[in-house]
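So the structure is just underneath, and the comments pick up after that.
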Amino acid sequence: MKRQNISSGAVWEDMIGYSRAVRVGNVIEVAGTTAANGDQVIGKNNAYEQTKFILQKIEKALEEAGATLEDVVRTRMFVTDITQWEEIGRAHGEVFRTIKPAATMVQVSALINPELLVEIEATALLSADHPQNEGFSLR
């Protein structure tokens, strides 16, 4: 089956050995995504702003893989302070209110940088007749 690795160019990708997203067939998995932008953290001390930025990064990775946010069937949110769930949920809802993927939000003890408050993974699934499936085997 054809595999497409999508890179964001982050130094961590080669160091740790991962891709921002991977597409195999009609499935696209987006790796844990944070509000890091190079050495800078976007939305310091603001879980809502971090979540908005993360979802924009996820959308860009999906587009590179031939998908859109409408193709997302699952999100997983890892947060360092569950008391901020409403702000994180508000940003998630602004993007996914009508799409309604399956979603999970769990509190974790820490992320790789203490300024990061949220990390999100996403799974997208393209329908068999999606125009971006050309060249990809769905078996």
CD1/I120 to OG1/T75 distance, rounded to the nearest 0.5 angstrom? 7.0 Å
Starting at CD1 of I88, measure out to NZ of K52 and round the result to the nearest 0.5 Å. 14.5 Å
Over all heavy atoms of both residues, which pair between V118 and I54 is shortest? Give the atoms and the distance, please. O-CD1, 3.3 Å
Could you report the tightest heavy-atom contact between M77 and A103, atom names first, then the distance? CE-CB, 4.0 Å
Mind listing the closest non-hydrogen atom pair of V24 and R3 along with its distance? CG2-CG, 4.1 Å
Listing, residues 28-35 side-chain donor-acceptor contacts under 3.5 Å, not counting sequence neighbours, or none:
residue : atom : partner : partner atom : Å
E29     : OE1  : T123    : OG1          : 2.7
E29     : OE2  : T123    : OG1          : 3.4
T33     : OG1  : R20     : NH1          : 2.9
T33     : OG1  : A31     : O            : 2.7
T34     : OG1  : A36     : N            : 3.3

What pairs of residues pass the salt bridge (charged side-chain N to carboxylate O under 4.0 Å, His left out) test when at least one of them lies in residues 112-124, not counting sequence neighbours? K44-E115, R76-E121
Looking only at heavy atoms, the pair that brings I6 and E64 closest together is CG2-OE1, 3.4 Å
Ignoring hydrogens, what is the shortest heavy-atom contact between L55 and A91? Give both atom names and the distance. CD1-O, 3.8 Å
If you measure from CG on D71 to CG on L125, what distance do you get to the nearest 0.5 Å? 8.0 Å
Are the side chains of T68 and E63 in touch, meaning some heavy atoms are under 4.5 Å apart? no
Do I112 and I42 belong to the same hydrophobic cluster, where Ile, Leu, Val, Met, Phe, Trp and Tyr are linked whenever their side-chain heavy atoms lie under 4.5 Å apart, directly or via other members? no
State plainly whether one hydrophobic cluster holds both Y18 and L111, where clusters connect Ile, Leu, Val, Met, Phe, Trp and Tyr through side-chain heavy atoms under 4.5 angstrom apart. yes
Just how far is it from atom CD of Q107 to atom CD of Q84, taken to the nearest 0.5 Å? 9.5 Å
Do R23 and L126 touch side chain to side chain, with heavy atoms closer than 4.5 Å? yes
Using side chain to side chain contact (heavy atoms under 4.5 Å, CB included), reason through T80 and L116 one step at a time and then give a plain yes or no. CA-CA 8 Å; T80 58; L116 297 169; over 6 Å; no
With side chains defined as the heavy atoms from C-beta onward, is the minimum distance between T104 and R74 less than 4.5 Å? yes
Kindly indicate whether the side chain of V108, heavy atoms from C-beta on, has any atom under 4.5 Å from the side chain of V79. no
Side chain of N37, backbone of Q40: donor and acceptor closer than 3.5 Å? no
How long is the straight-line distance from NZ of K57 back to OG of S8, given to the nearest 0.5 Å? 6.5 Å
Please collect all salt bridge (charged side-chain N to carboxylate O under 4.0 Å, His left out) contacts where either partner lies in residues 89-105, sequence neighbours excluded, each pair once. E87-R90, R90-E94
If we ignore hydrogens and angles and just use 3.5 Å, is the side chain of N46 paired with the main-chain N or O of G43 as donor and acceptor? no
Distance-only side-chain donor-acceptor flag, T51 / H92, under 3.5 Å: no
Is it the case that one hydrophobic cluster holds both Y48 and F96, taking links as side-chain heavy atoms less than 4.5 Å apart, direct or via other members? no
Run the numbers on L117 and D81 for side chain to side chain contact (heavy atoms under 4.5 Å, CB included), then give the verdict. CA-CA 7 Å; L117 307 173; D81 181 0; over 6 Å; no
Given the rule that I, L, V, M, F, W and Y join up when any side-chain heavy atoms are under 4.5 Å apart, are W85 and V95 in one cluster? yes
Under 3.5 Å: donor-acceptor pair, side chain of Q4, backbone of V22: no
Hey, what do you get for CG (L69) to CD1 (I58), rounding to the nearest 0.5 Å? 8.5 Å
